[in-house]
Amino acid sequence: MSGMTSALSNAITIYARASVARRPEAVRAELGTQADELLAKINQLRAEIEPTEQEWKSDSLSQMTERATERLRAHPELTEEAVRALVGVCSYAWR
């Protein structure tokens with residue numbers, strides 16, 4: 001695993017463990033100078049898995065969660081733990 005891959009997956013797990021209001025601060029506290037770049041990537045990934053308007057109308061939470069998991073698994077730079085963590089954060093927000 002490359003340094004950026006490891007750092008991104010680590011940042012996602014830190015992000016997922018923190019309370020909603022403290023997520024950026026938690027990542028910055030643990031990852032320092034890389035944090036802003038990693039937070040930007042996390043936000044890009046979140047946008048990528050956000051359900052479309054049509055998906056909101058027609059799909060269940062379970063279907064949206066499965067689709068988000070598939071989309072993130074297409075990113076080889078993410079560990080399975082990071083995929084599960086980010087999908088968990090997002091699917092909780094979608095409820």
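Residue numbers run from 1 in the order of the sequence given.
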Practice task
Evaluate the side-chain proximity of L45 to L78: yes if any heavy-atom separation is below 4.5 Å, no if none is.
Solution key: yes
Problem - Test item: I12 and V27 side chains (from C-beta on) under 4.5 Å apart, heavy atoms - result: no
Completion exercise
Tightest non-hydrogen contact, residues E77 and S9, listed as O-OG, 3.5 Å
Handout entry: Qualifying residues under side-chain hydrogen bond (donor to acceptor under 3.5 Å, both in side chains), relative to E30, sequence neighbours excluded
Key = none
Exercise for the section: Name all residues meeting the side-chain hydrogen bond (donor to acceptor under 3.5 Å, both in side chains) criterion together with S60; count only those two or more places apart in sequence or in a different chain, and write none if there are none. Expected result: Q63
Practice task
Might you confirm whether atom CD of E81 has over 12 heavy atoms from other residues, nucleotides or ligands at distances under 6.0 Å?
Solution key: no
If you measure from [atom1] on [X] to [atom2] on [Y], what distance do you get to the nearest 0.5 Å?
{"X": "Q44", "Y": "H75", "atom1": "CD", "atom2": "NE2", "answer": "9.5 Å"}
{"X": "L61", "Y": "E66", "atom1": "CG", "atom2": "CD", "answer": "10.0 Å"}
{"X": "L31", "Y": "Y15", "atom1": "CG", "atom2": "OH", "answer": "14.0 Å"}
{"X": "R84", "Y": "T69", "atom1": "CZ", "atom2": "OG1", "answer": "10.0 Å"}
{"X": "L39", "Y": "R23", "atom1": "CG", "atom2": "CZ", "answer": "11.5 Å"}

Problem - Audit row: L8, I42, side chain to side chain contact (heavy atoms under 4.5 Å, CB included) steps and yes/no - result: CA-CA 8 Å; L8 179 57; I42 291 169; 4.2 Å; yes
Completion exercise
Sorted by chain and number, sequence neighbours left out, salt bridge (Lys or Arg N to Asp or Glu O under 4.0 Å) with R22 holds for none
Problem - salt bridge (Lys or Arg N to Asp or Glu O under 4.0 Å) against R28, all qualifying residues, sequence neighbours excluded - result: D36
I'd like a table of donor-acceptor pairs (distance under 3.5 Å, sequence neighbours excluded) in which one partner is a side-chain atom from residues 85-95, with atom names and distances.
from: S91; atom 1: OG; to: V87; atom 2: O; distance (Å): 3.0
from: S91; atom 1: OG; to: G88; atom 2: O; distance (Å): 3.3
from: W94; atom 1: NE1; to: E50; atom 2: OE1; distance (Å): 3.3

Practice task
Verify side chain to side chain contact (heavy atoms under 4.5 Å, CB included) between R73 and E70, making sure each step is shown before the conclusion.
Solution key: CA-CA 5 Å; R73 284 183 178 150; E70 290 172 18; 5.8 Å; no
Exercise for the section: Keeping to residues at least two apart or across chains, list the salt bridge (charged side-chain N to carboxylate O under 4.0 Å, His left out) pairs with something in residues 52-62. Expected result: E53-K57, E55-R67, E55-R71, D59-R67
